[in-house]
Structures are given as C-alpha cells and as structure tokens.
There are 4 protein chains.
Amino acid sequence: MSQAKINVGVLGATGMVGQSFVQLLDAHPWFELTFAAASDRSAGRLYADATAWRLDGSMPERVAKMTVQECRPAKEAPTLLFSAMDASVATEIEQAFAEAGHVVVSNSRNHRMEPDVPLLVPEINPGHLAVAASQARRGWKGRIVTNPNCSTVALTMGLAPLKRFGIEKVVATTMQAISGAGFPGVASMDIVGNVIPFIGGEEAKIESETQKILGEVVDGRFVPLPAAVSAHCNRVPVVDGHTVTVSVGLTAEPRFEELVEAYETFSGEPQRLKLPTAPAQPVLYLKEENRPQPRRDALRGGGMTVTVGRLRECRVLDWKFVCLGHNTIRGAAGAAILNAELMHAKGMLQVAS
Amino acid sequence: MSQAKINVGVLGATGMVGQSFVQLLDAHPWFELTFAAASDRSAGRLYADATAWRLDGSMPERVAKMTVQECRPAKEAPTLLFSAMDASVATEIEQAFAEAGHVVVSNSRNHRMEPDVPLLVPEINPGHLAVAASQARRGWKGRIVTNPNCSTVALTMGLAPLKRFGIEKVVATTMQAISGAGFPGVASMDIVGNVIPFIGGEEAKIESETQKILGEVVDGRFVPLPAAVSAHCNRVPVVDGHTVTVSVGLTAEPRFEELVEAYETFSGEPQRLKLPTAPAQPVLYLKEENRPQPRRDALRGGGMTVTVGRLRECRVLDWKFVCLGHNTIRGAAGAAILNAELMHAKGMLQVAS
Amino acid sequence: MSQAKINVGVLGATGMVGQSFVQLLDAHPWFELTFAAASDRSAGRLYADATAWRLDGSMPERVAKMTVQECRPAKEAPTLLFSAMDASVATEIEQAFAEAGHVVVSNSRNHRMEPDVPLLVPEINPGHLAVAASQARRGWKGRIVTNPNCSTVALTMGLAPLKRFGIEKVVATTMQAISGAGFPGVASMDIVGNVIPFIGGEEAKIESETQKILGEVVDGRFVPLPAAVSAHCNRVPVVDGHTVTVSVGLTAEPRFEELVEAYETFSGEPQRLKLPTAPAQPVLYLKEENRPQPRRDALRGGGMTVTVGRLRECRVLDWKFVCLGHNTIRGAAGAAILNAELMHAKGMLQVAS
Amino acid sequence: MSQAKINVGVLGATGMVGQSFVQLLDAHPWFELTFAAASDRSAGRLYADATAWRLDGSMPERVAKMTVQECRPAKEAPTLLFSAMDASVATEIEQAFAEAGHVVVSNSRNHRMEPDVPLLVPEINPGHLAVAASQARRGWKGRIVTNPNCSTVALTMGLAPLKRFGIEKVVATTMQAISGAGFPGVASMDIVGNVIPFIGGEEAKIESETQKILGEVVDGRFVPLPAAVSAHCNRVPVVDGHTVTVSVGLTAEPRFEELVEAYETFSGEPQRLKLPTAPAQPVLYLKEENRPQPRRDALRGGGMTVTVGRLRECRVLDWKFVCLGHNTIRGAAGAAILNAELMHAKGMLQVAS
C-alpha cells in the first residue's frame, strides 16, 4: 500500500493481550511497532526484561531490545496506538492519548459503550466509524475506536449474515477458552476436568455489545438493534477458541438453504479492500454434523475466520446453530489490527496531523 | 424393610452401565445381585473374566466369581431385573423378560417413549407408574419401567420445582461429561482441550423425554407437558457430571425469592418414603455465583442430588439458571435403582407372582 | 481409645492444606478441632468468612462458625497442633509453639531436615520419633514432628519394602498433580494440555528427604540412607495423585517373586496399632499392566494407600516400577494426622503437661 | 532443485499417519503426491470419501479428488513411496514394493531392526543409508528405509550431541501425547485428568532403536551403541509432543558449558544440504528453567526441531535433562519425508531405474 511502513505503538505491551499485538504486528505489511508502553513499573526496562512471555513461539527479537515507554503522550509516540491496557487504568490513559491527537484502537472494554465511540467489527458495521468524528466535541484531536469482547465477536459474526431476516431474539450459551482470562487467569484447580458456569460481567457485555454492533447509525447516533439478547457464559478447559450455541428468532421465515447461502456469501469491506488481516472468508459454514470445534477450527483464516455449523430448526425460537471464534486473535488483537487497517484504508489515521 | 434381601439381576452386566449397577448394588440394603447376564460372548464365563472393569475402585469380589448368564428368561432369573443393555438389542430382550413375568427396570432408551411405559423420575412423576398396569394388554405378565437419558434427568429436576409456575418454553444447552458415552466412547483426540458441539440423537431425546416426564396422566394416558423445549448438546472434557444452562419461560410471574423457595422446599415420594438411594435433598440450590460445577458438585447426595444455581432474569424468556447432575448415578444406574425402590415400596414388584 | 476426644488445632487453617486438615479431622474418632488459627488478616473473623473453601464437598458447619485465632501461643491453644503454614512464616511460629509446650505436627518443609526433628512416615521409620526428645536441648517444652513432601511419600513407600535388599541407587521421575501446588497454584494456561518439566525446589527435597526417611537412627542421630537418589519433577494436568516412575539399584539380587512378596507383606506400626487413619494395606501392588493410574488409584485406602505396579527389570539399574500416592491426603494432611495418631498411641502427646 | 517435481505415493494414506503425510506433502517443493493407496476396503473410492479426516485444517483439495489405489505394486505407483501402514500388514506389502523396485520410506516399525535396513535420523546417522545397498542380496530392486518410533526420535536427538563424550547409560522416562496412538487411540475415559504408565511394546522399541541409531556401521554392518538404555513410558493428556526426562552416564567428564555448546552447535547433513524439511536448528537448547513444554515448544522449527532444557548434574548417572519432540512430525511423517529428501540429495532415489 504505502511504501514506508506506518509507525505504531502498543499501550499495555507487556501483558498477554499486549504480547499478542506484538506477535501479530511482527510481520505486518503496513504497520511497524516502534513504541511499546506499559506501567511505570516496566517503563525504562528492556521489553525482554519487563515481559514474562506467555505465547507460543518466541518473543520477536527486534521488540525484545526495545525500551518500554511510559503510557503517557509523548512526542516519540506514533499517531496510531493499539491499547491492550487493563480496564482498571484504560479510561484515563486512552482519553489522554486521544486528546493529544492519537488514534487509539483499543481492545479494552472501557469506552466500548460510549455514544461517540464506534464498537467496530469491520465486516459488520464499518459505517459506525463515521460516528468517531463526533469525538471532536470532547475537545479531542485524536480518536478512540474499540473492538468487542472476545465472545461477542464470535456471536455477532454468527448473527450478522442473518440480519437481513430480522433478528428479534437471541439466546446464546458460551463455552469460553482459558486464554480469554489472560495470565494467570483461571487457576488450574478450578478448570481441569471442570466447567465454571460463570464469568464476571461477561453476560451483560455480550448482551449490550451485540445490540450496538448489529445496530444502525441514524443521524450520527448509534441505534442498537431492537432485539432481546440473553447470554449464559461458561469457562471450559479449552486453550483457544470460544464456542457459542445460539437460538435465534427471526422476523422473516427463511428456508434452511437461504440461511446457509447467507452464511456462505457473507463478506464485507475488509474482503473488498483486501485488508492484510482480513480472512478470505470471514464466516465459514461447516457442513459436518459435529463442527465447529475449538481445537480444530479456531485457527481457520489465521484465527480471523468465524466458523458456523449445525444450523437446524429450534422448537422455541426459529433456528439454532453453533459458532466459534478465536478469542485472542479475532476476539482481541487481530480484531483491533483489522480495525486499524480499515481506518487506514479509509484515510482515517490522519486525524491528528 | 423386608428382612431377607430381594434377589435382583442385571442384564448387560459387563458393560460400563452394567458395572455401575454392580457397584451401586454391592452394599444395597434391600437388593442382592444374584444374576448377572450379558451377551452370548460373555455367557458362561466368570464375571471377572468377561468384564474389563472400567470404574474407580475394584470389582466387588462376590460378583467377580459369579458366572455370567445368558440374557434369556430362565428360572434362575429373579423377578426384578435391571437393564443396562445396549439399545441395539434391548427391545426384544426386555420384552421377552416382561412377557415372562419379570419387572424390567431399564436404563435403555428403547421403550422410554412408548405409551404404556412409565418414564420415571420418582421425585417428579411417581404417578406415572400406574400406567404400567396397561402393559398387561400386551399379554405381559411382567412390566417395563424406564428412567430418562442422563441429561434429561438433570434438566427435569432443575425444572420440576418451577412446574407450579407454568413452564411454557425451555432452551437448554448441555455440557456433557465423557463418561456419558460409555467405553471406549469418545476418542481422546476428539475431546482433550476441545468441545464437540454434537451428540447423536441426544437433543431429540431431551426434548421429548422432558415433555413426557413433566406431563400428566389423564385417563390412564400420558399427556406431555405442552411446553416447547429446545436443546443444544455438547461434549466437554469433564469426567462425570452433565451441566445444563437453561432459559425458561413461565406462565406465572413469580418473584426471585419464590423461585428459590421452590427449589429449597422441593421434595418427593423418595424422601417421604426414605428410600435407601434417595438423597435427603433431591435438588440443592447453591448460592455461590459460580456454582454448580461438575468436578465439585456432581457427587453431592451420593451422586443423586441435582444442584442448581445462578438463577437470574433472562432477557428473552423469563428466567435462567444452571443445573447439574451426575450422569452415571442420578442419570443412569442410580436412577433405575431408585425407580425399583419406589416400586418395591409401593408393592409393585410382585406383579408376576 | 480415650473416652473424651483430644482437642487439636490447625495453624494456617484457612489455606488449602489447612482446609484439608479441617475436612479430615471433621469426623475423626480421637481428635476434635477446637482451635483454627491463621494470619492476622484472618484472625478475629469467622472461619466461614475468612476462608475461600476450595475442596470438594462443603465446609464442616461446626468449623464454619469458629472464630479464627492468631498463630500465637495462647492458653486457648490445645497441646496438639497441626501446622499447614506457608514456608515463609512457619519457622518462627512453629518454634514459638514448641517452646511454649505444644506438639506441632507439621506439614511445612521448614524443619524437616533439622538434626533433631523426625521426618516421619509411620510405616517406615517410627523409631525416628525417639530423636524428638533431643529437642529439649533447644529449651523447648514441646516438640516438632514433620511429614515429608507429597512426592517423597509416594517414593519412599514404594522403596521401603525393598530396603531389605539394600537400596543403592534411585532414579525417579515424578508426574505431579496440580493440587500439590495449592491455590491458585498453577495457572491453567500453563498446564491444560501441557507438561511443565520443573517444580521449584522439589527435586532437592525428594533427594534429601528420601535419604533421611529410609535412614537409621544411630546413637540418637539420624544417619541417612547411603544411597544416591536423583529426581526429575514434572507437573501434569491431573487433579490429585502423584505418579512416580522409579529405577532402583539393589545390593542383593532378589527374584521378581521376592520383590512382589515384599510389597504384598509390607505393613507397619500403624497397621499393628490399628490407628484410625492407617489403611489396612499401606502399599498395594497392582498386577494389571497399566496401573497404578492417578484418577483411578489415588483414593485407595481413603487416599492413604500407596499403589505400586509394573515391576520389571531395568537395563541400567536392577529393577523398575511405578508408584503413586494421593498428594493431599497421604502426601500432606493425612500424613500429619497419622503421625499424630502414632504419637498418641505411644503416649507422646503429653510432653508438655 | 530439480525443475519438475518428483512423483510420490503414500501407502496407508487414509489413516492418521497417512493423513499427516498428505498434509505435509501438500506444498512440498520437491515431491508431488500422485498415488494414495490404502486397504482394499478403501481402494477405488475417492480419497475424500474413504477418509475420515482427523487433522486440524482441511483435507488438501487436490488429494480429496484422487482415487484411492490398492497397496500393490503397479505401474501407476511412483518409485518413491512413503509407508504409513499399520504394523499388522506392513511387512509383506513393503517387501513386495521393495522387490518391485520401489524405494519405500517407511514409518512402520516392521523393518526397523533388520540388519540390512537403515533406521535413519538424517542429522545423526546419515552414513547408515549405505547399508541399504545390501538389500540387493534379498533380490530386491528397490529399498526399504525406516525412521524411528516417535519417542525414540526425541530421545536420540537429545543424546546425539553428547555422543562425543561417550554415552554409557541412559534412563529415560517419556510423557507421550495422545496423538501418538492414532485414532481412535486412547479412550478419553482413560486419559482425561489421568496418566497411563504403560504403552504396549514402547519401552523395548526405545531401548533397541536408540542403540541402533546411535551406533556405527562397521564393515557394512550395524554395530549398536554399547550403552545400557532403560525406558519408562507414560501416556499423558497432551495433544502433540512427547516429553522425555533423561539421566545419562558419560565416559568423559565434560563441563556444563561444553555440553550446552554441544547442543548449540549440533547440526547435520540436512542443514548442510539445506533439505526443505530440515529445521535451521535441529536441536534447540532452551535456557528457561521450566522448558521445554509440549504445548509451547513442540512446533518449533515447523515441528522438526527437538528442544532440550534443564541440563543439570545427576546424583546417580552424570547428567540429566529434558527433551521434547513433535511426535507426528519429527516423530513420524516429517521424519520420513526428511529421510527421502536426504536420499534424493544423495542420488539414492534412482535405484530402481
């Protein structure tokens, strides 16, 4: 695209999501990591010294030698910053960077539900990006754009192709991987050979985020999808990949073949624009009776494809199916990177200049 | 109760469910195993030689030395027979024994949905037993009584206390233990670190069995509960204990406290009659926000208590909760033994004499 | 034994090992828990409020209502105290109680290797108890007696029956359960579907403790077994039960049958004295080619029996075998309780009176 | 290398190892799969129809459409054939192909220990290939070359760099992944949350194969390494990657640094010849105290690098360490492909022409 790479930074670069950004950005064709910031405890140390690397494979050597910076606006910080900060500190820091003219593409939950912050899934609601302009009213020279919770991505990608049939009701049960809880996250004594039928705050997030993502922008405001959404969240002993069983009630009365075709033909701007992180097929419908499965399907499309299967009639709502997404790629760092790619392709990374 | 123990037999005694019967009957206060029958391949051999013991703990010594019998009516066969036979052979064999005057208390699915066969959960529908008398019309001197599928038990016990509020709709997602699939059952390559969102035939069983169990007997016929039930079935890497997330729509509008009270006061004939296998509390409501959990709660009440938790409002139906039952005890052998205990207490084991 | 129960206390009662003591003492025929002490953070609160209960089953009701005490000698503290304290604080506190006249039966590692402290496995080295008398030279009115590391118990019980043949060399590889690391212990991201070939400090403990336990007392001093012991320690995704593969070199040249007979006839003072926690068979030799297995065999003998199997010739040393013990029962709280039972049976709990 | 690709076939192409060959050959720069053979039951059907695909990712489309052939020498069969056949049938079929002029590069165990069949690990004993010429004495126009058992590869690669110091004794304990047992392989009821301390025939294979691989060729005959090797084999709930703890006795008395240097500088003909499947570093020494770990390290070097760590002194033998290899890549299909690449590079695939 552009000849020179675009400098980017990661806020909260030493944690698990931060490491995921570092890993996915390592060979990125457009972006080059030049700024790794973290808490004051880590700032000033080499990234290799400040970071307990938790991911498979090894720490990129170039990043290992970088000095960790403070999470404060500074002239060294590039315009585009990915935020992997903990929710306990993200609000103020992200706002400070936005105010100072940075584009903060955040995986943190803090600003997701605010009325002027896009909660973006590029294949589903690219039009939501336009609302970010209204952040100027906060006196910000920059912007904050967010991606959804890891479970919400799998669910909304499984629902988006059905939107044309009028989604009215959704009952979803998640079986979420342990990597979704970060490190140290879930104690092994709690999850080996077990199911934990509770994840703090998760159900409310899935319910409200799904409505916002599948909603519309009317007169510059987000109008959530007027559908009832109910979530049951569970942790299961799986490493990567959140599986969701879904019952859905629709206004229209599509036939089975129409629904499968909706899945198979679903595509969006990332595919049209051939964004580097966009999978060729954002939603893949699997015909085998026992798929998708997290260990076997989460990494499809480099972890960016959401797989769907087992579409069949539901005796309570209209249809039911299973969907599955990779929680640390499509559900976190990969989602944010795709957001930034879309913004770059649309010329929205130059707000601050 | 009676001074001398009642002789009982197990059909299909060498398989995993059969072993479970053998284990649970080993120290039973009323019943004494005197007849262990299996396929012709095993018949004539010592139980210890014919059986690859899969359960924890060791094979009861007394049974180890018994000679395996053929699954054919014979004068050695006691009146009361527990059936742990594979569905591929259970239909004819169970009928042959019933015809010959035996009471077959079966865990097999074959006769569950027949119009003259009780599908019994003693705490829920003890009145269904009366319908068994109509089996005389088949020319049977004996009877067949069945217990439900392992997932159905957990679900119906979680729903039964709510029946007074009018159950209209149920969406249930199961996370089922590997022991539910017998041996060798699920290949480890399929389930270690994975979820399989499919169990052949299971969803239809849960849907129809739940309606029958929670239904009424009117004029000697079963009238299923007129509620819509929809199930999503998943296998998870848990050893014992099926967890079910449930959304339920009710006719009445009970308050939260009324629902919890319904759970806490739920009791039935097994408790009133103090049947040996009856748990003091058939349904236990757990107040912790992250319970029930299979590894920690499946064995409550000796594996016969179903635990419920996380009752909260549902945005689509009215309420949602989690319930959990031990699949090989309350969901199989223990269920059948409780059925036989109820029949004995009601004087129904003497049909053939 | 005695008519009235003996009052006992637990130091560090709110942690996982402390909970295990509380659970095992709940129905103990000789001992009655009257004193539950923990850190200053917990002291003064109800046990139920101060404790995040991690074990299967529920907290004993009587203990739930006890007020947690400080870990400081006080007149309320009974003579016999079980210590489940963290190694970071156990040294001083245990010594303070011993000085004040208490018998501290400790699971902590702090005093295990001291020259006047018995490291006791009652079936193996009951004679080591006599050395405790020399603690009077420290000016202590009371005593400290310890039990070994959870892996060491399984290994030494697997070796003890062979001691008569002259143990010269031992190479042992452990596969240790996650419950051995307490709570939160091992992060699930580290162990689900994985092996961690390292447990800090564990190998040195196994090597030195094994020599002390299998050693002699000569002139009132411990003389360690003059055998070379080498350990490889691994964490595996198992809940309870440490499995150990062992190669052993012997001075004598016993035949296979002699070795198996040594296992099958192994017994000790706990069995002779019929101590309440003593298993009928302290070491059980399993003949099946694929046993022992932690999920199936760890709970034998109430978790106090160590199982051994697969004895066969070794091409490098002389023989090899597998042994397995329950790490939180025989390897921790159960071990300490058996130690106290032995001391009581020998009249050694009256030191301080 | 050559411009046109070399046609290759797979015998036993529908099983799990066969699928692994299909997958690894899919984008191979030298070899092109043109012949997929399997049992008579599968022959004549499309590969897609005859094969229950068990691997992650999807079946290569080109292969899916191929018709499965019989495992019998035929003019369609290319010279180079990879054998993934079950041991129960491999002996005769492999010999028939060898006799007919094919080069059979086999993963089956059947011919591994024969005196004229190389048991090849290209980095360790490439000189063993020369012995294959003596197969001409059997009247074979072709050849059979084998790769070792999956555990043996990890162990021999961990030992090979130490060979210069004189290996005298080896005690090895394996913790083997479930994928090593094929499909359905180990029942989930046997391995979830468990360890099975037994794998049929495995220990003898490791012991004898290690001696052959690390041995010499003298006067055209294999002379096994005169070292005593003892193995303990265990199955653990890990998907891919066999971990081995090793104690080793050496003739020389190297310092720690010399040993690490031996690991770090270890390289072989595959690296020198830049064979396509050769990893840049065949043995990687990891300095972290808790590595290697199967889930995190098995895929290093595309699954062809064996990782080693935790080198430290052993109190019984001289040194101890942990090594780890990917069992289905370096331990099976990848190993055979590397063998074939070496043979091609040496001009040994033209034997039959």
Side-chain angles (χ1 to χ4, degrees), chain C residues 168-175 177-178 189-200 203 207 227-249 288-297 309-310 312-317 320-324, chain D residues 168-175 177-178 189-200 203 207 227-247 249 288-298 309-310 312-317 320-324:
Chain C
E168 289 185 325
K169 293 176 182 175
V170 178
V171 176
T173 293
T174 69
M175 292 167 282
I178 54 175
M189 277 299 287
D190 281 343
I191 198 66
V192 169
N194 205 16
V195 168
I196 307 175
F198 174 73
I199 300 175
E203 295 173 350
E207 294 168 357
V229 181
S230 176
H232 304 250
C233 290
N234 303 280
R235 188 75 67 189
V236 294
V238 162
V239 177
D240 290 314
H242 290 355
T243 309
V244 192
T245 67
V246 186
S247 282
V248 59
E288 295 90 339
E289 69 183 359
N290 61 359
R291 301 296 270 266
Q293 297 174 8
R295 215 188 65 222
R296 288 175 166 135
D297 297 310
R310 296 206 71 216
R312 60 213 190 279
E313 291 189 37
C314 175
R315 292 187 173 199
V316 173
L317 301 179
K320 50 189 178 182
F321 61 91
V322 181
C323 58
L324 165 72
Chain D
E168 290 186 324
K169 293 176 182 175
V170 177
V171 176
T173 293
T174 69
M175 291 168 283
I178 54 175
M189 276 301 286
D190 281 342
I191 197 65
V192 168
N194 205 16
V195 168
I196 307 175
F198 174 74
I199 301 175
E203 296 174 350
E207 293 169 357
V229 180
S230 176
H232 303 250
C233 291
N234 302 280
R235 189 76 67 189
V236 293
V238 161
V239 177
D240 290 313
H242 289 356
T243 309
V244 192
T245 67
V246 186
S247 282
E288 295 90 339
E289 68 182 1
N290 60 0
R291 300 298 269 266
Q293 297 173 9
R295 215 188 64 222
R296 288 175 167 134
D297 297 310
R310 296 207 68 216
R312 61 214 189 280
E313 291 190 38
C314 176
R315 291 185 174 200
V316 173
L317 303 178
K320 50 188 178 183
F321 60 91
V322 181
C323 59
L324 165 72

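This is a predicted model, so every value here is computed, not measured. So you know, we letter chains A, B, ... as the sequences are listed, proteins then strands, and number each from 1.
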Fill in: Residue among C:Ala177, C:Ala228, C:Ser230, C:Gly200 with most heavy-atom pairs under 4.5 Å to chain D
C:Ser230

Worksheet item: Looking at C:Val229, C:Val236, C:Leu324, C:Val170, which has the largest count of heavy-atom pairs under 4.5 Å with chain D?
Response: C:Val229

Fill in: Side chain proximity check, C:Glu168 to D:Val316, heavy atoms < 4.5 angstrom
no

Worksheet item: For D:Glu313, is it the side chain, the backbone, both or neither that has a heavy atom under 4.5 Å from a heavy atom of chain C?
Response: neither

Worksheet entry | Best-contacting candidate, C:Asp240, C:Val192, C:Thr243, against chain D by heavy atom pairs under 4.5 angstrom | C:Val192

Discussion item. Can you tell me which of C:Val195, C:Val246, C:Val322 forms the most heavy-atom pairs within a distance under 4.5 Å of chain D?
Written reply: C:Val195

Worksheet item: Is there a donor-acceptor contact under 3.5 Å from the side chain of C:Lys169 to the main chain of D:Leu317?
Response: no

Worksheet item: Can D:Arg312 and C:Glu207 be counted as an ion pair, charged N to O under 4.0 angstrom?
Response: no

Practice prompt. Select, from D:His232, D:Glu289, D:Arg315, D:Met175, the one with the greatest count of heavy-atom pairs under 4.5 Å involving chain C.
Written response: D:His232

Discussion item. Main chain of C:Arg295, side chain of D:Asn194: is a donor-acceptor contact present, judged purely on distance under 3.5 Å?
Written reply: yes

Worksheet item: Just how far is it from atom CG of D:Asn290 to atom CZ of C:Arg235, taken to the nearest 0.5 Å?
Response: 12.0 Å

Worksheet item: Hey, is the main chain of D:Phe198 close enough, under 3.5 Å, to the side chain of C:Arg310 for a donor-acceptor pair?
Response: no

Worksheet item: Looking at D:Ile199, D:Val238, D:Val239, which makes the most heavy-atom pairs under 4.5 Å with chain C?
Response: D:Val238

Worksheet entry | Spacing of D:Gln293 atom CD and C:Asn234 atom CG [to the nearest 0.5 Å] | 10.5 Å

